[in-house]
Amino acid sequence: IQEANESLNNIDQKINILRTKEPIKSEDITKVFPIKILDFQRGKYTSQQSYNAMNFVFGDATYLNKEKTINITITDGAGETGSAMVSIIMLALHSNVNKRNAQGFEETGVLNGKRAIFKEEILQGNNKQKLYSIQYITRDRYAISISSKQVDLNELKKFNQHLKLDQLP
C-alpha cells in the first residue's frame, strides 16, 4: 500500500508541475508527424492551440495506405486543461489492467520502455471489425494515442517507432 501511495504522490507531483507549464505551440506538434511512415502517407492533419480559458494544444493526423487508416493524436499535458486530460491516462497507466471478454481485451504493458495501454475491441454491430489502440505518455507530458480498424497492434507498435517524438520540446 505504501508503494502505491508513493506512486500516486509521484503522479500528483507530475500533474502539479504540468499545470504550471505553458503549452507548446501548435507548430511544435506538427514536427512529430512525418509526411510518410512506412507505406502510409499522411492524409488529414490538424493541430489546434486553444488560447481561451482551456489553453491546451493537440495534434491529430490520419495516415493512409490503400484501404488501411491509422489515426494518431498527441495532447500536450501542460496547463490546467492539458494536465487534467493527461492525468486520466497517467492514472490508468499506474494500474495493472488485464481485461478480457468476448468483445476483446484491454491490458497494460510496455512499449519502447514506457507503460502503455493496449486495446482490441470488436465494434458493436459488426463482429468482424475490430478497433485496435495504444495509449501512452512520453516525457511525462505528452499523451499519445494510436488507433486503427484495419491495422493490428503489432503493426501499430512498428508504426509508433517512426513518430518523431524527439521533436517535442
Side-chain angles (χ1 to χ4, degrees), residues 3-18 21 23-24 28-34 37-40 42 45-47 56-65 68-79 81-123 129-169:
E3 188 177 313
N5 284 337
E6 287 174 12
S7 184
L8 287 173
N9 285 337
N10 186 24
I11 291 171
D12 191 45
Q13 289 173 354
K14 288 177 184 177
I15 292 166
N16 286 331
I17 290 169
L18 286 174
K21 292 190 176 207
I24 62 173
D28 291 331
I29 280 193
T30 303
K31 298 173 188 172
V32 176
F33 300 109
I37 297 180
L38 301 173
D39 293 333
F40 289 81
R42 188 176 74 196
Y45 171 74
T46 305
S47 74
F56 76 100
V57 176
F58 75 92
D60 184 63
T62 301
Y63 285 83
L64 309 164
N65 176 359
K68 295 180 180 180
T69 303
I70 296 176
N71 300 302
I72 303 168
T73 302
I74 299 176
T75 304
D76 183 2
T81 303
S83 63
M85 294 168 74
V86 168
S87 69
I88 296 166
I89 298 168
M90 283 182 173
L91 290 170
L93 289 168
H94 172 71
S95 313
N96 286 322
V97 176
N98 189 352
K99 298 180 195 173
R100 296 183 184 279
N101 59 36
Q103 300 304 312
F105 69 86
E106 176 180 349
E107 64 187 14
T108 49
V110 178
L111 177 69
N112 301 331
K114 296 174 180 51
R115 298 257 314 153
I117 300 169
F118 302 97
K119 290 183 186 178
E120 177 183 304
E121 56 187 306
I122 295 173
L123 297 176
Q129 192 170 36
K130 295 180 180 179
L131 177 64
Y132 304 93
S133 66
I134 301 172
Q135 284 187 307
Y136 64 97
I137 302 288
T138 189
R139 299 195 176 173
D140 290 331
R141 176 173 177 163
Y142 302 99
I144 314 294
S145 176
I146 304 172
S147 63
S148 180
K149 293 178 187 172
Q150 303 88 9
V151 178
D152 69 21
L153 288 172
N154 287 328
E155 288 184 75
L156 288 179
K157 290 175 186 177
K158 291 176 191 171
F159 188 89
N160 175 71
Q161 293 175 350
H162 296 277
L163 291 175
K164 296 182 178 182
L165 299 174
D166 60 332
Q167 297 293 316
L168 291 168

Item to check | Derivation and outcome, side-chain contact (heavy atoms from CB on, under 4.5 Å), residues I146 and L163 | outcome: CA-CA 11 Å; I146 304 172; L163 291 175; 4.1 Å; yes
Item to check | Within-4.5 Å side-chain heavy-atom neighbours: D28 and Q167 | outcome: no
Checklist entry - What are the two closest non-hydrogen atoms of A92 and T108, and how far apart are they? => result O-CG2, 4.1 Å
Item to check | Residues which pass side chain to side chain contact (heavy atoms under 4.5 Å, CB included) with S95, listed by chain and number, not counting sequence neighbours | outcome: V97
Checklist entry - Can you list the residues that meet the side-chain hydrogen bond (donor to acceptor under 3.5 Å, both in side chains) rule with E120, with sequence neighbours excluded? => result K130
Next on the checklist: How close do A143 and I89 get, counting heavy atoms only, and between which atoms?
Outcome noted: CB-CD1, 3.6 Å
Checklist outcome for this item: Heavy-atom closest pair (V57 atom, P23 atom, distance to 0.1 Å) is CG2-CB, 3.7 Å
Checklist outcome for this item: Between L111 and A116, the two heavy atoms sitting closest are CB-CB, 4.0 Å
Checklist entry - Which residue pairs pass the ring-ring contact (aromatic ring centres under 6.0 Å, His included) test with at least one member in residues 140-169, sequence neighbours excluded? => result F40-F159, Y63-F159
Checklist entry - Are the side chains of K114 and I144 in touch, meaning some heavy atoms are under 4.5 Å apart? => result no
Checklist entry - How far does CG of L64 sit from CZ of R42, to the nearest 0.5 angstrom? => result 11.5 Å
Checklist entry - How far does NZ of K31 sit from CG of L168, to the nearest 0.5 angstrom? => result 9.5 Å
Checklist outcome for this item: One should read off an interatomic distance between I137 CD1 and L18 CG, to the nearest 0.5 angstrom, of 9.0 Å
Next on the checklist: Test: salt bridge (charged side-chain N to carboxylate O under 4.0 Å, His left out). Region: residues 83-98. Which pairs qualify, not counting sequence neighbours?
Outcome noted: none
Item to check | L123 side, atom CG; K149 side, atom NZ - distance, nearest 0.5 Å | outcome: 6.0 Å
Next on the checklist: Test: salt bridge (charged side-chain N to carboxylate O under 4.0 Å, His left out). Region: residues 87-103. Which pairs qualify, not counting sequence neighbours?
Outcome noted: K99-E106, R100-E107
Next on the checklist: Any donor-acceptor pair under 3.5 Å linking the side-chain atoms of Y136 with those of N112?
Outcome noted: no
Item to check | Short side-chain to backbone donor-acceptor contact, Q150 and T69, under 3.5 Å | outcome: yes
Checklist entry - Can you name the nearest heavy-atom pair linking F33 to A61, along with the distance? => result CD2-CB, 3.5 Å
Item to check | Interatomic spacing from CG in L153 to OG in S133 - rounded to 0.5 Å | outcome: 7.5 Å
Item to check | Residues which pass side-chain hydrogen bond (donor to acceptor under 3.5 Å, both in side chains) with D166, listed by chain and number, not counting sequence neighbours | outcome: none
Item to check | Qualifying residues under side chain to side chain contact (heavy atoms under 4.5 Å, CB included), relative to I17, sequence neighbours excluded | outcome: K21
Item to check | All side-chain hydrogen bond (donor to acceptor under 3.5 Å, both in side chains) counterparts of Y132, not counting sequence neighbours | outcome: none
Checklist entry - Rounded to the nearest 0.5 Å, what separation is found between the NZ atom of K157 and the CD1 atom of I134? => result 6.5 Å
Next on the checklist: Using the side chain to side chain contact (heavy atoms under 4.5 Å, CB included) criterion, which residues pair with D140? Sequence neighbours excluded.
Outcome noted: K14
Checklist entry - Where do L165 and R139 come nearest, in terms of heavy atoms and distance? => result O-NH2, 3.6 Å
Checklist outcome for this item: For F105, the ring-ring contact (aromatic ring centres under 6.0 Å, His included) test, sequence neighbours excluded, returns none
Checklist entry - Does N101 have any side-chain hydrogen bond (donor to acceptor under 3.5 Å, both in side chains) partners at least two apart in sequence or in another chain, and if so, which? => result none
Checklist entry - Okay, side chain of N160, backbone of L156: is any donor-acceptor separation there less than 3.5 Å? => result no
Item to check | Note, K68 side chain near S148 side chain (heavy atom, < 4.5 Å) | outcome: no
Checklist entry - Can you name the residues that form a side chain to side chain contact (heavy atoms under 4.5 Å, CB included) with S87, not counting sequence neighbours? => result I15
